[in-house]
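In what follows, chains carry the letters A, B, and so on, assigned in the order in which the sequence lines appear, proteins first and then strands, with residues in each chain numbered from 1.
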Amino acid sequence: MKSYDHKKIEKHWQKEWAKKGTYETALASDKPKFYILDMFPYPSGEGLHVGHPKGYIATDIVSRMKRMQGFNVLHPMGFDAFGLPAENYAIKTKTNPMDSVAKNVERYKNQLEILGFDYDWSREVNTTDPKFYKWTQWIFLKLLEKGLAYESHEPINWCPSCKTGLANEDVEDGRCERCSTPVEKKPMRQWVLRITKYADRLLQDLDTLDWPESIKESQRNWIGRSEGAEIDFAVKGRKDVLKVFTTRPDTLFGVTYVVVAPEHDFVTELLKEAAALKNRGEVIKYVAAARVMTQIERTDAKKDKTGVRLEGVFAINPANNEEVPVYVADYVLAEYGTGAVMAVPAHDDRDFEFAKKYDLPIEIVIRCEDHILTAWTEEGVLVDSGPFSGMSSEEAKRKITESVGGKWVVKYKLKEWVFSRQRYWGEPFPVLHDGDKIVPVPEEDLPVELPKVKSYEPTGTGESPLADVEDWVNVKVGKGKDARIMRRETNTMPQWAGSSWYYLRYMDPQNDTALVDPKAEKYWNQVDFYVGGAEHATRHLIYARFWHKFLYDIGVVTTTEPFKRLQSVGLIMGEDGRKMSKRFGNVVNPDDIVETYGADTLRLYEMFMGPFDQAISWSTGGIMGTRRFIERVWKMREKVADGDGSPAATLSKEAEVLLNKTIAKVTDDIGAVRHNTAVSALMILSNELDKSEFIPRPAYESFLKLLAPFAPHVADELWSDLGNNNSIHQATWPVADATKIADEEDIIAVQVNGKTRATFKAVKGSDKTTLEASALALDEIKKWVGDAQPKKVIVVQGRMVSIVL
RNA sequence: GCCGAGGUGGCGAAAUGGCAACCGCAAUCGACUCAAAAUCGAUCGUCGCAAGACUUGAGGGUUCGAGUCCCUCCCUCGGCACCA
């Protein structure tokens, strides 16, 4: 028999599959559908390392099994290419990013193709293709029409290095997620999407999703729903009212001062009046200092609390009409709640710290059994709270709120989505400015194509480089005397725009008159299974859910969630345990591995490494194990006997049981993405089959079918070598014969005082009495039991006998 | 601080409450070879010559029986965090 030549085999079958269109997705079919999707890659200039395909291999395996099981499978691939990496490369090389993106896409596709994936490339999408972003722009127009997109001049996060505004989601610990530069607050004009309108639905519907708990929890944290009361504190001698938000209105009688954020309107107002404050100068200084601090400085919880008293200003506690001082302090955040809090130092750590420092009174109003409460989360019984004393916290919350005319409200940490970037490489907004008026570009004029420019360098002025392209920016609207010049919006959309809906486009990628044809949308419905990195938990996966719900509301889609089931991929680390990076010189290139060991070996190895969602280090030694496995399977071909009924061509009873068990296990494991244990089961089966001199052909064929999703090339090669004319990938997935799964005999473990001392074989289905008698008759057991009379004997049929002395 | 996922051999790990360590890597020994690689066979949690005892982060508990269930605690990773 010829030796296993992975290069020849893999090249041959990749050509063959392409030629025969083995993986083309049918447009309409009476088969049940299955839509399985990978998070599409960002094609950077560096190419793929071995970590990238891990998720793609996993979905490829699932999709191949589903196809063999008779599903009409949609398993597409595309590219997400707008955004900073491509743009920075363009700046450096002074080339149009369109060109470098095309080149990188080519490179990525080649790298993916040699791995033997079953993508239907006729459905490829690219977010930077005007035919694609026409519909990204269309969605924006709809958001604008429904009042969910608006212009704002609020201060936003600004990255001085990337020279662009950022969404809240793009800030990590006060730093720009891309370049780690501390972000600044900068008031500027920008486009904002009202994602908070969907906060409640985004939160609620998480419960309906088959997603990893950790991702759902991240989203819950990010949305940050909390319920509480808004309570008005009147200001003594003025018409102003300070509205505070609190989750613990039951502590209202313990308020000893009120704090407002430095940016609070009340402070701004007071500072306008020369005589309102006795210490006006001090307050001005404090507010100004807070304004120039970075987020990191501002929000560091370890930092000493600072604040300034508004001398001469008193708030009136509506519960007992007590006058309390008012402070301005930067530990209160302007953007959360009402920007003002009632301070209860006895029951809040932060207020306590502040009260200590500024020597403010502390009044205990909650007791919990025998101790005084010091944390917000604890509840107890009210004391020194007028008519509410003796009431439970739970009850008092509502009652006190009601009694002071407060309102029970829901607040979210989630902020509106800052949607514009002052950069070149993104989707242009389809809007025109006519003086102060916003004029949407008519749908029939979409797409608004991104023009070529001379310089891609961000300006840093709050305008994108597009602002300099006069003949693009200035648009003549109307005819004759009515004609007027309007200016195009020159901000561009953030990198997350295209990926917020791309999965819908695969359903109907060429459609020029609709984002997706309603029939195609109805058929493919939603993504059944989505696989990608957990790092997208609070950006891509929230944004896509938001847009999907919006598209549902306007009737474009018929489902309320885009991704029914989600699975996170664990990273592949470098052999040194660090993240794979050029910087550490620990990057492993899949091209090299495919060259040396073959794609099938790489695929098997990456799946066999360990649990799929776990981060694991690459091991050059480890890959030899899966290569050896394939070579053993290859050699086993010589032992295959045709099914002519001779003894050599029948399977031993044990092997038959194992084969059926393996069919069931591999099927289950692939469904649950336990690819590591599936590979292990295949190895066990091959070891068993290889034990005998001859292997019956049907058994070997079943084994090859189970192997086919993992190692598609070698499986098809061996399959055709057996004389099959069709591709193994179009063969029917084996089904376990339930009657053959069970062994003929049960192996019964016998325990004495909880320790296993012996095992014996029993006829299947033996009753309890028989099992007990057999167990007690065993010599090894007599040794342990001796003359003692067992106190108790527990028999689990088909499993074990437990003797208690 | 709150929430989530984890902690099992030298390593990656496996185990519907029922024989802990399957499968693989590495290692050791042997066969083949002039030799090496490859391949094949054997050994491979700890202590012990053995019989056997011990072993799933620590300590308790439930159970005939716990890696698995319950309680307390420690550690690692991830999310949120001066969010009132």
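Heavy atoms of A:Ile616 sit under 4.0 angstrom from primed sugar atoms or phosphate atoms, though from no base atom. Across all strands shown, A:Met800 has heavy atoms under 4.0 Å from base atoms, whether or not it also approaches the sugar-phosphate. The residue A:Ile747 sits close to a base: some heavy atom pair falls under 4.0 Å. When heavy atoms are screened at a 4.0 angstrom cut-off, A:Asp613 is found touching no nucleic acid atom at all. As judged by a 4.0 angstrom heavy-atom cut-off over every strand, A:Ser802 is placed among the base-contacting residues. Note on A:Lys792: only backbone sugar-phosphate atoms sit closer than 4.0 angstrom, heavy atoms only; bases stay farther off. Counting non-hydrogen atoms under 4.0 angstrom, A:Val259 reaches nothing in the nucleic acid. Within the 4.0 angstrom heavy-atom criterion, only backbone atoms of the sugar-phosphate kind lie near A:Thr756; the bases stay farther away. Nucleic acid contact for A:Pro212: none, since no nucleic acid atom lies under 4.0 Å from a heavy atom of the residue. Residue-level contact check: A:Asn753 touches neither bases nor backbone, having no heavy atom under 4.0 Å from any strand. Nucleic acid contact for A:Thr759: base, since at least one base atom lies under 4.0 Å from a heavy atom of the residue. Residue-level contact check: A:Gly337 touches neither bases nor backbone, having no heavy atom under 4.0 Å from any strand.
Taken together, the paired segments of RNA chain B that extend over three or more consecutive Watson-Crick or G-U pairs, each closer than 3.5 Å at both contacts, are B:1-7 with B:74-80, B:10-12 with B:23-25, B:27-31 with B:39-43, B:45-47 with B:52-54, B:57-61 with B:69-73.
Using a 4.0 Å cut-off between charged nitrogen and carboxylate oxygen, A:Glu595 and A:Lys7 count as a salt-bridge pair. Electrostatic pairing of A:Arg175 and A:Asp173 does not count as a salt bridge here, judged by no charged N lying under 4.0 Å from a carboxylate O. Salt-bridge check for A:Glu169 with A:Lys415: failed, with every basic side-chain N at 4.0 Å or more from each acidic carboxylate O. Comment: A:Lys305 engages A:Glu353 in a salt bridge, judged by a side-chain N to carboxylate O separation of less than 4.0 angstrom. We find that A:Lys639 and A:Asp690 are joined by a salt bridge, their nearest charged nitrogen and carboxylate oxygen being less than 4.0 Å apart. The pair A:Glu227-A:Lys397 fails the salt-bridge criterion, with no side-chain N (NZ, NE, NH1 or NH2) lying under 4.0 Å from an Asp/Glu carboxylate O.
Across the P atoms, B:U46 and B:C40 are found 26 Å apart, a figure rounded to whole Å. Rounded to the nearest Å, the gap between the C1' atom of B:G61 and that of B:U76 is 26 Å. When the C1' atom is compared between B:C3 and B:A14, the two are found 30 Å apart, to the nearest whole Å. Only the C1' atoms considered, B:A5 is 16 Å distant from B:G57, to the nearest whole Å. With both ends at atom C1', the span from B:G48 to B:A58 equals 27 Å, rounded to whole Å. For the P atom pair drawn from B:A53 and B:C2, the interatomic distance equals 44 Å after rounding to whole Å. One P atom belongs to B:A50, the other to B:G4, and the distance between them is 48 Å to the nearest Å. Taking atom P in both B:G67 and B:C19, the straight-line distance is 10 Å, to the nearest Å.
Among the nucleotides B:A14, B:G4, B:A84, the one closest to the side chain of A:Thr246 is B:A84. Of the candidates B:G24, B:A84, B:C64, the closest approach to any side-chain atom of A:Phe608 belongs to B:G24. When the nucleotides B:U39, B:C82, B:A84 are ranked by their closest atom to the side chain of A:Lys305, B:C82 comes out on top. If you check B:C22, B:C64, B:G24 against the side chain of A:Val804, the one that comes closest is B:C64.
The stretch residues 611-627 of chain A participates, sequence neighbours left out, in these salt bridge (Lys or Arg N to Asp or Glu O under 4.0 Å) pairs: A:Arg627-A:Glu631.
Nearer to the 5' terminus of RNA chain B, by closest-nucleotide assignment, is the contact made by A:Asp173 (compared with the other of A:Asp173 and A:Ala334).
Side-chain N/O atoms of A:Tyr336 include one lying less than 4.0 angstrom from OP1 or OP2 on B:A84. For A:Arg627, no side-chain nitrogen or oxygen approaches OP1 or OP2 of B:C25 to under 4.0 Å. Side-chain nitrogen and oxygen atoms of A:Asn687 include at least one within less than 4.0 Å of the OP1 or OP2 phosphate oxygen of B:G24.
With 3.5 Å as the limit, one finds a donor-acceptor pair spanning the side chains of A:Asp351 and A:Tyr331.
For the pair A:Arg565 and A:Trp211, the NZ or CZ position fails the cation-pi test of under 6.0 Å to the six-membered ring centre and within 45 degrees of the ring normal. Figure legend: A:Lys243 and A:Phe233 shown without cation-pi pairing, the cationic atom not lying both under 6.0 angstrom from the six-membered ring centre and within 45 degrees of its axis. Geometrically, A:Lys411 engages A:Phe245 in a cation-pi contact defined by less than 6.0 Å to the ring centre and at most 45° from the axis.
Residue A:Ile748 contributes atom CD1, which lies 14 Å from atom P of B:G18 at whole-angstrom precision. Distance CE (A:Met342) to P (B:C82): 20 Å, rounded to an integer number of Å. Going from atom CD1 of A:Ile794 over to atom C1' of B:C64 covers 3 Å, rounded to whole Å.
The base of B:G18 sits with one of its N or O atoms less than 3.5 Å from a complementary donor or acceptor on the side chain of A:Gln751.
Within residues 219-233 of chain A, the residues approaching RNA chain B are A:Asn221, A:Trp222, A:Ser226, by heavy-atom distance under 4.0 Å.
For B:G24, the base is anti relative to its sugar; the glycosidic angle deviates from 0 by more than 90°.
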Does the pair A:Tyr257 and A:Tyr358 meet the rule for a ring-ring contact (aromatic ring centres under 6.0 Å, His included), with working shown? CA-CA 11 Å; A:Tyr257 59 97; A:Tyr358 293 100; 8.9 Å; no
